[in-house]
Amino acid sequence: MTKTAARRPAPAIAVRPVPAPPPVGGRGRRRLRDQLQAYGFLIGGLVCFALFSWYPAIRAVVIAFQKYTPGSPPEWVGTANFTRVLHDPEFAAAWRNTLTFTLLALLIGFAIPFVLALVLNELRHARAFFRVVVYLPVMIPPVVSALLWKWFYDPGAGLANEALRSLHLPTSDWSNGADTALVSLVIVATWANLGGTVLIYLAALQSIPGELYEAAELDGANLLQRVRHVTIPQTRFVILMLMLLQIIATMQVFTEPFVITGGGPENTTVTVLYLIYKYAFLYNDFGGACALSVLLLVLLGAFSAGYLRLTRSEGDI
């Protein structure tokens with residue numbers, strides 16, 4: 001006689017209670033509160049930009065067409081301010097010095113950060129230390145940096161000429177010579193702004209896939225060929241944007257000529273921004289200063305638009 005196996009009862013499955021969904025009204029209120037918070041932060045930023053950036057820019061455009069003297073009501077003069085500054089002998093000299101400064105800054109100060117970034121990217125030891133050393137000039141206030149270089153360039157007891165004398169080399173007038181003053185300022189500006197550019201290049205270099213370099217090495221490419229065919233094409237966007245930003249920045253150079261040379265010698269370091277300062281605070285001609293500012297704004301805006309359009313049409317952006 002076979003015994004029928006007794007069936008075991010199935011184990012009970014514990015069912016956890018499902019929490020009730022929050023009411024739609026509470027979720028909507030929370031979302032509305034988050035959006036209001038975000039818009040509050042956004043409005044705060046917009047108010048700051050409007051008060052300290054947009055309003056002064058719009059006000060400068062208006063004053064460019066007025067005869068404006070503090071303490072007296074403004075008088076509408078049309079384009080008289082533009083006509084006067086265009087016929088100023090210092091106008092041509094300021095633009096010539098500014099364009100020369102920009103060209104020299106591109107020749108001297110554009111390749112050096114890229115080369116330094118390549119060297120730092122290849123380091124295997126003390127990389128963090130050298131990054132700090134390269135970035136250190138950026139942390140120094142611009143006026144302090146300019147005063148430091150003014151002492152460095154002193155033709156008498158300056159460190160530059162002392163170093164040349166110790167090497168039995170001829171000394172130089174540096175920032176006091178008409179032929180060397182502008183180049184001396186370019187060196188100062190390059191040194192002061194080197195660190196930020198190097199770090200941006202380093203970030204771009206470290207984003208390049210290592211497989212590209214491995215493939216180039218398997219094909220027998222040397223260091224220069226890897227830089228030419230891998231590094232530069234992969235960082236082309238960053239190079240173009242930094243070139244645009246550097247041109248805009250060097251066209252507005254002011255601190256170095258103001259602190260180190262005072263526009264001299266013989267007006268060889270008077271830039272457009274320094275001339276704007278002279279019109280506003282030395283000649284008390286705010287209309288002329290604003291007219292020069294508008295001309296600089298139009299030139300930089302047209303250059304930036306043309307540059308971006310050209311690079312976009314070439315597929316770089």
Side-chain angles (χ1 to χ4, degrees), residues 97-154 158-164 172 174-175 180-208 223-224 227-228 231-232 234-261 269 271-274 300 303-304 307:
N97 295 335
T98 302
L99 293 175
T100 305
F101 185 95
T102 302
L103 179 62
L104 291 174
L106 286 177
L107 293 177
I108 298 175
F110 191 72
I112 292 177
F114 188 74
V115 174
L116 276 177
L118 289 174
V119 173
L120 290 178
N121 193 50
E122 295 296 326
L123 289 179
R124 294 294 177 264
H125 303 286
R127 181 185 297 182
F129 170 76
F130 285 108
R131 285 181 184 177
V132 174
V133 170
V134 171
Y135 193 73
L136 187 62
V138 181
M139 296 185 284
I140 302 176
V143 175
V144 176
S145 175
L147 290 173
L148 176 67
W149 279 90
K150 185 177 182 178
W151 167 79
F152 184 83
Y153 283 146
D154 187 273
L159 185 59
N161 280 342
E162 287 295 332
L164 291 176
S172 173
W174 298 107
S175 59
T180 57
L182 203 60
V183 179
S184 301
L185 297 187
V186 171
I187 295 174
V188 176
T190 301
W191 177 82
N193 300 290
L194 189 70
T197 308
V198 170
L199 290 185
I200 294 174
Y201 277 136
L202 267 176
L205 291 174
Q206 292 176 0
S207 66
I208 300 175
L223 176 62
L224 293 179
V227 170
R228 178 183 175 186
T231 305
I232 293 179
Q234 291 294 317
T235 58
R236 182 170 49 183
F237 171 79
V238 177
I239 292 174
L240 290 174
M241 291 308 300
L242 286 179
M243 180 182 292
L244 173 61
L245 294 176
Q246 181 173 348
I247 291 174
I248 293 175
T250 52
M251 289 286 288
Q252 302 177 72
V253 60
F254 172 75
T255 304
E256 289 81 8
F258 177 74
V259 176
I260 298 177
T261 62
T269 57
T271 60
V272 175
L273 222 62
Y274 188 78
L300 292 180
F303 169 78
S304 302
Y307 181 88

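Just so it is clear, the values below take in all heavy atoms, side chains as well, and ignore hydrogens, waters and symmetry mates. Since we're looking at a predicted model, the values are computed, not measured. For the single chain, residues carry numbers from 1 onward in sequence order.
- Proximity of F152 to I187: side-chain heavy atoms (C-beta onward) are nowhere separated by under 4.5 Å.
- Looking at residues two or more places apart in sequence or on another chain, you find a side-chain contact (heavy atoms from CB on, under 4.5 Å) between I247 and T102, L106, M243, M251, F303.
- T98 contributes atom OG1, which lies 12.5 Å from atom CG of L103 (distance to the nearest 0.5 angstrom).
- The main-chain N or O of S172 is found under 3.5 Å from a side-chain atom of N161 such that the two form a donor-acceptor pair.
- In this structure, the side-chain contact (heavy atoms from CB on, under 4.5 Å) partners of L118, at least two apart in sequence or on a different chain, are F114, L205, V227, T231.
- Residues forming a side-chain hydrogen bond (donor to acceptor under 3.5 Å, both in side chains) with T269 (at least two apart in sequence, or on another chain): T261.
- Under the side-chain hydrogen bond (donor to acceptor under 3.5 Å, both in side chains) criterion, W149 pairs with no residue, sequence neighbours left out.
- Every pair tested for ring-ring contact (aromatic ring centres under 6.0 Å, His included) that includes a residue from residues 118-139 fails, sequence neighbours excluded, so the list is empty.
- A search for side-chain hydrogen bond (donor to acceptor under 3.5 Å, both in side chains) contacts involving Q252 returns nothing, not counting sequence neighbours.
- In this structure, CG in L107 is found 10.5 Å from CD1 in I112, a value given to the nearest 0.5 Å.
- Shown here for T250 and A105, the closest heavy-atom pair between the two residues is CG2-CB, 3.6 Å.
- For the atom pair CZ of F101 and CG of L185, the computed distance is 6.0 Å after rounding to the nearest 0.5 Å.
- Between I208 atom CD1 and N121 atom CG the span is 7.5 Å, to the nearest 0.5 Å.
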Donor-acceptor pairs are to be reported for all side-chain atoms of residues 191-202 against protein atoms at under 3.5 Å, with residues two or more places apart or in another chain.
unit_1: N193; atom_1: ND2; unit_2: A189; atom_2: O; d: 2.8
unit_1: T197; atom_1: OG1; unit_2: N193; atom_2: O; d: 3.4

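- Considering every non-hydrogen atom in both A146 and I260, the closest pair reads O-CG1, 3.5 Å.
- Within the model, atoms OG of S145 and CD of E256 stand 7.0 Å from one another, a figure rounded to the nearest 0.5 Å.
- How far CD1 of I239 is from CG of L244: 14.0 Å, rounded to the nearest 0.5 Å.
- Among all heavy-atom pairs drawn from F110 and L242, the shortest one is CE1-C, 4.1 Å.
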request  = Given side chain to side chain contact (heavy atoms under 4.5 Å, CB included), test N97 with T100 step by step and report yes or no.
outcome  = CA-CA 5 Å; N97 295 335; T100 305; 5.5 Å; no

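- Residues meeting the side-chain contact (heavy atoms from CB on, under 4.5 Å) test with V144, sequence neighbours left out: I140, P141.
- Looking at residues two or more places apart in sequence or on another chain, you find a side-chain contact (heavy atoms from CB on, under 4.5 Å) between F254 and F258, L273, Y274, Y277.
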